[in-house]
Structure formats: structure tokens, C-alpha cells
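The first residue in the sequence is number 1, and the count goes up from there.
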Amino acid sequence: MVTDNANNEVQQKLSGIVTQAQSYLTAKQAGISDQQLATLSQPSAVQFKDVNDTQTLEQALSNPETKKSIYNGVSMGAVFVLFFIVLAFANIVAQEIGSEKGTRIMEVLVSSAPAKNHFYGKIIGVLMMVAVYIGFYGILAAVGLTYFKDNEISNFIINQVIMTPFFMFVVLFMLVAVIYTIVLAAILGSMSSKTEDGPKMVAPLTYLILLGYFGALFSMNANNILTQILSYIPFISSFIAPAKIGLGFMNGGVGLGSLLISIVFLGLITYFGAKLYASNVLMYSDQSVWKRLAHSIKFIRRENQVK
């Protein structure tokens with residue numbers, strides 16, 4: 001008894017023989033020789049090759065566009081971190097000074113040491129607290145990178161990001177911004193009369209922080225004259241310059257110039273800020289921050305004229 005599979009095989013063979021015979025007769029009618037027919041009947045030579053369009057991780061990381069994207073991400077990440085750090089410490093410093101004035105502890109402190117010394121000591125103390133925070137997270141990052149030191153991404157972060165002038169600029173701009181914040185917050189906080197006055201007195205500094213933050217976000221999509229000007233304005237440049245460097249809109253020389261301008265202006269602000277702090281730290285008033293500032297400047301001028 002013949003199975004269905006055997007019938008199928010016979011049918012396929014018969015179909016193949018009939019097809020060959022029909023092709024032969026058709027070729028003869030068309031005037032094709034036996035040699036030409038044999039050539040046409042030869043199977044085609046097909047070569048197969050695996051095509052892999054994916055790049056290796058090392059090749060992807062060495063791509064200039066990839067580096068630019070990573071630098072951009074690092075700079076904008078630094079801007080986000082800086083934004084929250086300066087906002088937090090601005091309010092901490094202002095409220096602490098307001099609390100010292102509200103409880104009259106400030107009078108005891110100033111009676112034992114000059115107000116200017118208290119001002120500089122406040123700045124150094126807060127900077128040490130910031131250093132502890134940054135050091136803690138820095139140690140965690142160092143341990144993580146060391147643990148994954150054989151990983152290509154870790155090696156790229158260490159060699160192509162951390163150990164570069166770009167990262168040095170980002171860190172220096174962040175450090176300058178933090179010192180600016182502490183100095184300005186101490187000056188504005190000295191104009192408060194109690195703890196609750198802290199946020200109100202520090203409002204001008206908050207506006208500056210917001211201007212720098214949104215200026216950095218705006219500079220991601222535009223390289224116009226406005227962002228170029230803002231990248232040279234002290235304190236605000238600490239937000240915008242890292243973003244422009246990460247995007248390739250600012251080279252190292254221009255970034256260094258912007259950093260030096262910020263440092264020089266920071267020195268001047270700290271010097272005159274100590275005088276403003278000393279003139280306000282024992283004064284209690286419900287006037288606005290601008291009126292208090294104008295009053296302090298007049299007081300310093302009169303004091304200099306007397307001397």
C-alpha cells in the first residue's frame with residue numbers, strides 16, 4: 001500500500017520531469033541551442049554574509065558626537081545639582097543668621113569678636129559643611145568607579161570626562177557659585193531681624209539663581225548674543241558657562257576668562273560684603289531689603305568720611 005508521502009514524492013518527480021521537457025521544447029521552438037539552455041539552467045551562485053550594523057561600545061564612545069552628547073549631559077547635570085545646592089544653602093545661611101539675631105545671640109558673638117571676623121568665619125564654616133557633603137558623594141563615586149574599573153564605561157568616565165579640562169571648568173564654576181551664594185546670603189541675612197525674615201531678605205539672590213538656571217537651559221538651544229553676554233556676568237556665568245562649554249559654544253580660553261572675571265568680582269563682593277555685614281548685623285528693622293541695603297551703603301560712606 002503506497003502512503004501519502006510516497007505519492008507526493010512521485011508527483012513532485014513527475015512534475016519536475018514534465019517541466020524540464022516543456023522547457024526543452026519551448027527552448028527549441030525559440031531557437032535556443034542545447035549549450036545555451038544548459039547555461040540558463042545552471043543554478044545561481046549565492047553567497048551569504050552576516051551583516052552587523054551595531055557598533056561596539058568602544059567605537060560608540062570614541063565617536064565625537066557621542067562625546068559631545070556626554071559632555072552636554074554632564075554640564076547640564078552639574079547645572080541641576082548646582083541649582084538645588086545654592087538654593088538650599090542660601091536659605092540655610094540666611095535663616096541661621098536671622099535666628100542668631102532674633103534670639104540676640106548675635107550680640108554676644110559680635111561682642112567677643114569683630115563682626116567682620118564673624119562674617120568670614122560664617123563663610124568658612126558653611127564651606128566646610130559643603131565640603132563634607134561633596135566629599136561624601138565624591139567618595140561614593142570613587143568607590144563605584146574603582147569597583148567597575150575594568151568596565152569600558154567606567155574607563156571612559158575617568159579618562160574622557162573626569163580627567164579633562166572640561167570637568168575641571170565645571171567643578172571650578174560650581175565652587176565659585178557656591179561661595180558667591182554663601183557670601184551674598186550672609187550679607188542679605190544680616191539685614192533680617194528674625195528667622196522668618198530669611199526667605200524675604202534672600203529673595204534677590206533667589207531671583208539671580210533662577211536667572212542663571214533658566215539662562216543655562218536657554219543656552220542649550222541657542223548661542224545668541226544674550227547667552228554670550230550672560231556667560232560673562234559674575235555668578236550667573238557659573239550656570240551658563242559650563243552649559244556652553246559642554247555644547248562646544250565656548251572654548252577653554254573664553255571659559256577661563258569668564259572664570260577669572262567671576263573670581264575677581266567674588267573677591268570684591270566678599271571685601272565690601274564684610275562691611276555691609278558689620279553695618280547690619282546689629283541693626284533691627286522692618287524695612288525692605290533694598291531700603292536696608294541703601295541705608296547700609298550710606299552708613300559705610302559716612303563711616304569712611306569720618307575716618
Considering all heavy atoms of both residues, which atom of Ala186 and which atom of Phe119 are nearest to each other, and what is their separation?
CB-CE1, 3.7 Å
The side-chain contact (heavy atoms from CB on, under 4.5 Å) partners of Leu230 (sequence neighbours excluded) come to Leu226, Ile233, Ile236, Ile240
In this structure, would Val202 and Leu210 fall into the same cluster of hydrophobic residues linked by side-chain contacts under 4.5 Å?
yes
In terms of hydrophobic clusters joined by side-chain contacts under 4.5 Å, are Ile124 and Leu127 together?
no
To the nearest 0.5 Å, tell me how far Phe89 CZ sits from Leu205 CG.
13.5 Å
Listed partners of Ser262 passing side-chain hydrogen bond (donor to acceptor under 3.5 Å, both in side chains), at least two apart:
Ser237
Which pairs pass ring-ring contact (aromatic ring centres under 6.0 Å, His included) with one or both residues in residues 168-207, sequence neighbours excluded?
Tyr180-Phe235
Within this structure, what is the CG-CD1 distance for the pair Leu184 and Ile209, rounded to the nearest 0.5 Å?
9.0 Å
Taking Pro234's backbone N and O only, do any of them form a donor-acceptor pair with Ser238's side chain (distance below 3.5 Å, no angle check)?
no
Pairs touching residues 173-190 that satisfy salt bridge (Lys or Arg N to Asp or Glu O under 4.0 Å), sequence neighbours left out
none
So, do Val254 and Lys244 sit near enough that their side-chain heavy atoms are less than 4.5 Å apart?
no
Residue from Leu82, Val86, Ile179 passing side-chain contact (heavy atoms from CB on, under 4.5 Å) with Met174
Leu82
Same apolar cluster (I L V M F W Y, side chains within < 4.5 Å links), Leu208/Leu268:
no
Quick one: closest heavy-atom pair of Pro242 and Ser75, and the distance?
O-CB, 3.2 Å
Under the salt bridge (Lys or Arg N to Asp or Glu O under 4.0 Å) definition, can you give me all pairs with a residue in residues 86-96, not counting sequence neighbours?
Glu96-Lys122
Please indicate whether Phe265 has more than 12 foreign heavy atoms, meaning atoms of other residues, nucleotides or ligands, lying under 6.0 Å from its CZ.
no
Does the side-chain contact (heavy atoms from CB on, under 4.5 Å) test come out yes or no for Ile187 and Phe272, once each step is laid out?
CA-CA 10 Å; Ile187 296 171; Phe272 290 107; over 6 Å; no
Matching residue for Tyr213 among Phe80, Phe218, Phe84 - test: ring pair (Phe, Tyr, Trp, His ring centres under 6.0 Å)
Phe80
From CG (Leu87) to CZ (Phe83), nearest 0.5 Å
4.5 Å
Roughly how far, to the nearest 0.5 Å, is the CD1 atom of Ile261 from the CG atom of Leu266?
13.5 Å
Is a side-chain N or O of Ser258 found less than 3.5 angstrom from the main chain of Gly255, in a donor-acceptor match?
no
Cluster link Val264 to Val176, ILVMFWY, side chain under 4.5 Å
no
Are any non-hydrogen side-chain atoms of His118 and Glu100 less than 4.5 angstrom apart?
yes
side-chain contact (heavy atoms from CB on, under 4.5 Å) involving Ile134 - partner list, sequence neighbours excluded:
Val130
Under 6.0 Å between the ring centres of Phe239 and Phe214?
no
Should Tyr232 and Leu260 be counted in the same cluster of Ile, Leu, Val, Met, Phe, Trp and Tyr side chains packed under 4.5 Å apart?
yes
Taking atom OH of Tyr271 and atom CG of Leu276, what is their separation to the nearest 0.5 Å?
11.5 Å
What distance separates Leu259 CG from Met168 CE, expressed to the nearest 0.5 Å?
8.5 Å
Between Val170 and Ala78, what is the shortest heavy-atom contact and its length?
CG1-CB, 3.5 Å
Leu217 and Met76: CA distance, side-chain angles, deciding distance, side-chain contact (heavy atoms from CB on, under 4.5 Å) verdict:
CA-CA 8 Å; Leu217 296 181; Met76 293 312 302; 3.6 Å; yes
